Amino acid sequence: MALLSFVPAKIPSPPAPLPSLRRAVLPVNSRVSMSSSVVLDRHERSKLVWVWTESRQVMTAAVERGWSTFIFGSEPRSKELANEWSSIALIHPLFIEGSELSDAHGRRVATFYDVSSPQELALLQSDDKQADNAVITFPGEWQVIPAENMVAAFQGCKRAVLAVSMASSEAQVFLEALEQGLDGVVLKVEEIGEILKLKDYFDRRNEVRNLLALTKATVTRVEVVGMGDRVCVDLCSLMQPGEGLLVGSFARGLFLVHSECLESNYIASRPFRVNAGPVHAYVAVPGGKTCYLSELQAGKEVIVVDQSGLQRTAIVGRVKIESRPLILVEAKENSGHETYSIFLQNAETVGLVCPYEVDKTTKTAIPVTSLKVGDNVMLRIQGGARHTGIEIQEFILEK
């Protein structure tokens with residue numbers, strides 16, 4: 001039986017790019033020695049972003065966003081471009097020499113490989129003793145499954161594995177494969193928009209690592225009102241007890257509405273659903289923004305928050321709008337005089353999240369049908385003035 005041959009990828013004459021070597025998901029202010037071994041768990045370590053481009057605008061945008069490692073060819077024109085960019089920005093240039101990437105001092109930093117079959121992946125895996133960083137290209141149209149195979153094959157190894165991406169959407173596939181993702185990407189683009197999209201993606205990932213400040217509020221009014229068009233938000237993710245969406249009649253104060261993950265004797269739990277309120281209500285979305293519940297649709301993203309303020313991003317899979325009886329809930333922050341309100345469907349499966357108390361055994365949510373004046377619920381207080389969901393500084397009166 002003939003042996004499969006495995007050779008490093010043949011790299012076409014590259015565009016002259018700028019150095020943009022920085023790790024992006026965790027803090028981007030730590031310099032990374034590319035010749036050093038990487039021993040952190042792939043899920044915990046931050047992600048590398050290198051940029052491969054001939055566009056000065058792309059270079060500038062990347063450097064401004066903390067990515068300073070750029071890939072250049074070995075021909076004189078590329079080296080001239082690297083020198084030109086180095087004179088106007090603090091960059092880390094890497095140069096292609098055959099199938100290898102070297103720094104300005106000629107030290108090998110990484111090796112290029114084509115991986116188009118499981119056999120080639122196995123050969124690359126057995127070559128791990130060199131402990132070089134590997135830059136992988138995936139010939140053909142398949143990306144997701146090869147990326148997942150790569151993550152599985154290299155978990156726990158010392159080398160950093162990056163994939164060449166021709167767009168920010170491709171980069172996202174490689175960074176999320178099997179939840180942990182590859183160690184980074186080489187973004188080979190000439191459009192500044194791809195840099196902006198990738199940075200926005202990292203900003204949203206970093207946002208999830210931050211705790212939202214939630215405030216304990218006391219219910220001051222509970223009143224059954226008439227019918228209204230309420231919105232059920234069904235997510236592509238499951239929620240746990242204590243988790244829900246931030247919703248409110250006013251953007252300045254959003255209530256933590258519990259998901260339908262709790263069991264009952266009358267209806268099966270739906271841990272992917274939040275019965276969120278009427279069409280006019282605001283809901284928190286990534287980027288510190290809000291949108292109306294009526295604007296949600298399949299594919300949009302929302303923020304899922306738990307009792308402690310831990311947040312994560314989830315994708316909307318479906319939205320259902322139906323006419324249902326509503327109940328009005330008003331509450332005040334314990335240390336303030338501002339009143340906040342929310343309308344919710346008057347049903348036992350709809351509830352508001354309670355404050356988290358470490359030393360007490362308490363329910364995670366209070367059904368609106370059991371809610372009474374004096375109960376405590378969780379509230380997110382923020383700026384009230386909004387323009388297309390973005391917080392702005394201006395006078396506003398809402399009541």
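Below, all heavy atoms of this structure are taken into account, side chains as well, without hydrogens, waters or symmetry copies. Computed from a predicted model, the values in this text were never measured in an experiment. This chain uses plain numbering: 1 for the first residue, then up along the sequence.
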Do Leu212 and Leu246 touch side chain to side chain, with heavy atoms closer than 4.5 Å? yes

Check the hydrophobic clustering (I, L, V, M, F, W, Y; side-chain heavy atoms under 4.5 Å; chains of links allowed) and say if Val224 and Val257 are grouped together. yes

Once side-chain hydrogen bond (donor to acceptor under 3.5 Å, both in side chains) is applied, do any residues pair with Glu84, and if so which ones, sequence neighbours excluded? none

Ile315 and Ser237, any side-chain heavy atoms less than 4.5 Å apart: no

Test ring pair (Phe, Tyr, Trp, His ring centres under 6.0 Å), reference Trp67, set Trp52, Trp50, Phe202, output is Phe202

Who are the side-chain hydrogen bond (donor to acceptor under 3.5 Å, both in side chains) partners of Arg270, not counting sequence neighbours? none

side-chain hydrogen bond (donor to acceptor under 3.5 Å, both in side chains) involving Lys199 - partner list, sequence neighbours excluded: Asp203

With sequence neighbours excluded, give me every ring pair (Phe, Tyr, Trp, His ring centres under 6.0 Å) pair touching residues 284-323. Tyr282-Tyr292

Is there side-chain contact between Pro278 and Asp229, with heavy atoms separated by less than 4.5 Å? no

Looking at every heavy atom in both Ala276 and Val233, which two are closest together, and how far apart are they? CB-CG2, 4.2 Å

Is there a side-chain contact between Thr290 and Val283 (heavy atoms, below 4.5 Å)? no

Remaining members of Phe343's ILVMFWY cluster at a side-chain heavy-atom cut-off under 4.5 Å? Val225, Leu326, Leu328

Out of curiosity, does Leu235 fall in the hydrophobic cluster containing Leu262 (side-chain heavy atoms, cut-off under 4.5 Å, transitive links)? no

Contact between Leu352 and Ile366 at the side-chain level, heavy atoms closer than 4.5 Å - yes or no? no

I'd like to know if the side chain of Glu263 pairs up with that of Ser269 as donor and acceptor (distance under 3.5 Å, no hydrogens or angles considered). yes

Distance-minimising heavy-atom pair for Cys261 and Met239: CB-O, 3.6 Å

I'd like to check Leu162 versus Leu182 (side-chain heavy atoms, cut-off strictly below 4.5 Å). Are they in contact? no

Any residue meeting salt bridge (Lys or Arg N to Asp or Glu O under 4.0 Å) with Glu223, in chain and number order, not counting sequence neighbours: Arg221

Could you work out, with side-chain hydrogen bond (donor to acceptor under 3.5 Å, both in side chains) as the rule, every residue matching Asp234, not counting sequence neighbours? Arg273, Arg318

Which residue pairs pass the ring pair (Phe, Tyr, Trp, His ring centres under 6.0 Å) test when at least one of the two sits in residues 307-329, sequence neighbours left out? none

Salt-bridge contact Asp375-Lys372 (side-chain N to carboxylate O under 4.0 Å): yes

Nearest atoms (heavy-atom pairs only) where Val285 meets Cys291: CG1-SG, 3.8 Å

hydrophobic_cluster_shared for Met227 and Val329, side chain cutoff 4.5 Å: no

According to a 4.5 Å side-chain heavy-atom criterion applied to Ile, Leu, Val, Met, Phe, Trp and Tyr, with indirect links allowed, do Leu175 and Val144 form part of one hydrophobic cluster? no

Donor-acceptor pairs are to be reported for all side-chain atoms of residues 164-173 against protein atoms at under 3.5 Å, with residues two or more places apart or in another chain.
| from | atom 1 | to | atom 2 | distance (Å) |
| --- | --- | --- | --- | --- |
| Ser168 | OG | Glu194 | OE1 | 2.9 |
| Glu170 | OE1 | Gln143 | NE2 | 3.4 |
| Glu170 | OE1 | Met166 | N | 2.9 |
| Glu170 | OE2 | Gln143 | NE2 | 3.2 |

Given the rule in the side chain to side chain contact (heavy atoms under 4.5 Å, CB included) test, do Ser74 and Ile96 qualify, once you have shown the distances and angles that lead to the verdict? CA-CA 6 Å; Ser74 57; Ile96 297 175; 5.7 Å; no

Identify, with sequence neighbours excluded, every residue that meets ring pair (Phe, Tyr, Trp, His ring centres under 6.0 Å) alongside Phe174. Phe138

Find out whether Ile88 and Arg56 are in side-chain contact, i.e. whether some heavy atom of one side chain is under 4.5 Å from a heavy atom of the other. yes

Between Arg77 and Glu54, is there a side-chain N and carboxylate O pair less than 4.0 Å apart? yes

With sequence neighbours excluded, tell me which residues meet salt bridge (Lys or Arg N to Asp or Glu O under 4.0 Å) with Arg380. none

Quick one: salt bridge (Lys or Arg N to Asp or Glu O under 4.0 Å) partners of Glu100, sequence neighbours excluded? Arg108

Are Phe272 and Val353 co-members of a hydrophobic cluster defined by side-chain heavy atoms under 4.5 Å apart? no

